[in-house]
Amino acid sequence: MKVLGIETSCDETAAAVVEDGVRLLSNVVSSSMDLHAKYGGVIPEIAARSHIEAILPVIQQALSDADCDWDDIDAIAVTYGAGLLGSLLVGVLAARTLAIVKQKPLYAINHVEGHIYANFLTETSLPGYQLPARQPLFPMLGVIVSGGHSQLVVWRDHFDYTLLGQTQDDAIGEAFDKVAKILGLPYPGGVNVSKKAAEGDPRAFQLPKARMQGKYDFSFSGLKTAVLRLAQEQVGKDYSLPSIALPELLSDAQKANIAASFQRVACETIVDKVLLACDEFQPESVVVGGGVAANTELRRQLATRLPFPIEYTDMKLCGDNGAMIAALGSYYALLGRPVTDPHTLEAMPNLSM
Ligand code: KG4
Ligand code: ZN
């Protein structure tokens, strides 16, 4: 059973082929990130236009890397939400057209669920991938930490899950990106905050953790504002100093200490609630998905505070990719889930779990 996965929800045009829900045969990602860097964030129109240019070559490359032609492909899976409308449309329309023309079943995939399913890939002959030795066991606690989402979800089995809680404002990745801007670190922010934090003292500053009504809910917007106030205070100015004036007033050491203190508290916020959920639901596995799953401080805290080890997917499968979509699509196909009508599937930018 070979499934082609297509992902275009943000600035990555991605396609991959997965076999039997476990084996990664190809994984092609073309990012328009460089085009957005000078604006300090993704420009939706540029992302959508880049997808149009990249989508067919990326799909072709994914098939050829997997040594497949269309006869070998059993189904197509595509991200239909959540994400940027213009970006999603390109992947959805390509998948719909290919499903009709090549007469393949089509599965519509929720991007956020997909992030968790990257962790179900355990085999590949592609060079340079480090995959988990075994698949996660159910009940599974899913920790989704991306640029658009921060969620805790308990899966009792495939397609049988409960959302425990989620962010009420910014996602954790978004907070990393905003702190990067405050500190004048280049886009993409998360990885650069993490690099800067490595030079700083994570206990240099005390920053607040939001107290939420929902036991498993998150909030990161207060933490981001606290970082802004801290930076203003560090340069001896009040709240009226615009954030764009901060980077040149902050020393390298101040930036590193702010980055490290922010990163520690942001990760603790997630890990505190992962521990609570582990106590309550006693999962057999904890699985982390989304761009921030690549963060080494988050991994370190989980390793020291959880009573059992976590296996992670390869760093290249933490951010957006087609493999996670093909992986989840494989379970739709293998478990006989209903197919999607390729004539009517619509992109859903605000799709939730
Ligand atoms: O999952 P993803 O690629 O896209 C979304 O679905 O949103 O996540 C992107 C987010 C961005 O906010 C990025 O700054 C963050 O993941 N990110 C990181 C790291 N690598 C990517 N945040 C912290 N540390 C990292 N190493
Ligand atoms: Zn994502």
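Everything numeric in this text was worked out from a predicted model, so none of it was measured. Every number for a ligand or one of its atoms is a count from 1 in the order of the listing. We use all heavy atoms of the structure for the numbers below, so side chains are in, but hydrogens, waters and symmetry mates are not.
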* Worked verdict on Val287 versus Leu141 for side-chain contact (heavy atoms from CB on, under 4.5 Å) -> CA-CA 6 Å; Val287 162; Leu141 178 66; over 6 Å; no
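- Looking from atom 23 (C) of ligand 1 to the surrounding protein, the closest heavy atom is Asn295 ND2, 3.4 Å.
- Looking from atom 15 (C) of ligand 1 to the surrounding protein, the closest heavy atom is Val292 CG2, 3.9 Å.
- Around the Zn ion (ligand 2), the protein N, O or S atoms closer than 2.8 Å are His111 NE2, His115 NE2, Asp320 OD1, listed by chain and residue number.
- Side-chain contact annotation: Tyr129 with Glu123, donor-acceptor N/O pair under 3.5 Å absent.
- In this structure His158 satisfies the ring-ring contact (aromatic ring centres under 6.0 Å, His included) test together with Tyr117, Phe120, Phe138, Tyr331, sequence neighbours excluded.
- Other residues, nucleotides and ligands place no more than 12 heavy atoms under 6.0 Å from the CD atom of Gln103.
- At a 4.0 Å heavy-atom cut-off, ligand 1 touches Asp320 through backbone and side chain alike.
- The proximity of His115 to ligand 1, defined as any non-hydrogen pair under 4.0 Å, is limited to the side chain.
- By the 3.5 Å distance cut-off applied to N or O atoms, Glu12 is not counted among the residues near ligand 1.
- Under 3.5 Å, the side chains of Asp169 and Ser219 contain a donor-acceptor pair of N or O atoms.
- Taking the ring centre of Tyr312 as origin, the terminal cationic atom of Arg299 falls inside the region bounded by 6.0 Å and 45° from the ring axis.
- For Tyr187 and Tyr39, the distance between ring centers is not under 6.0 angstrom.
- A salt bridge links Asp272 with Lys209: at least one charged nitrogen is closer than 4.0 Å to a carboxylate oxygen.
- In summary, the atoms of ligand 1 found under 4.0 Å from a heavy atom of Gly319, numbered by their order in the structure, are 3 (O).
- Residues meeting the salt bridge (charged side-chain N to carboxylate O under 4.0 Å, His left out) test with Asp314, sequence neighbours left out: Lys316.
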* Test side-chain contact (heavy atoms from CB on, under 4.5 Å) on Leu275 and Asp279 and set out the steps. => CA-CA 6 Å; Leu275 287 176; Asp279 268 358; over 6 Å; no
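- Atoms of ligand 1 lying under 4.0 Å from any heavy atom of Gly147, numbered from 1 in the order shown and given with element: 5 (C), 7 (O), 8 (O), 9 (C), 10 (C), 12 (O).
- Inclusion of Gly190 in the set of residues having an N or O under 3.5 Å from an N or O of ligand 1 is warranted.
- Close contacts between ligand 1 and His111 involve ligand atoms 6 (O) [criterion: under 4.0 Å to a heavy atom].
- Residue contact check: Gly291 has heavy atoms under 4.0 Å from atoms 1 (O), 2 (P), 8 (O), 16 (O), 17 (N), 18 (C), 19 (C), 20 (N), 21 (C) of ligand 1.
- For Glu297, the side-chain hydrogen bond (donor to acceptor under 3.5 Å, both in side chains) criterion is met by Arg300, Gln301, not counting sequence neighbours.
- In terms of heavy-atom proximity, Ala277 sits nearest to Pro283 at O-CD, 4.3 Å.
- At under 3.5 Å, a nitrogen or oxygen of Asp177, whether backbone or side chain, sits near a nitrogen or oxygen of ligand 1.
- For ligand 1, the atoms closer than 4.0 angstrom to any heavy atom of Gly290 are 1 (O).
- His51 and Thr13 share a donor-acceptor pair across their side chains, judged by distance under 3.5 Å alone.
- Ligand-side atoms of ligand 1 in range of Gly148: 7 (O), range being under 4.0 angstrom from any heavy atom.
- Atom numbering of ligand 1 starts at 1 in the shown order; those under 4.0 Å from a heavy atom of Gly173 are 12 (O).
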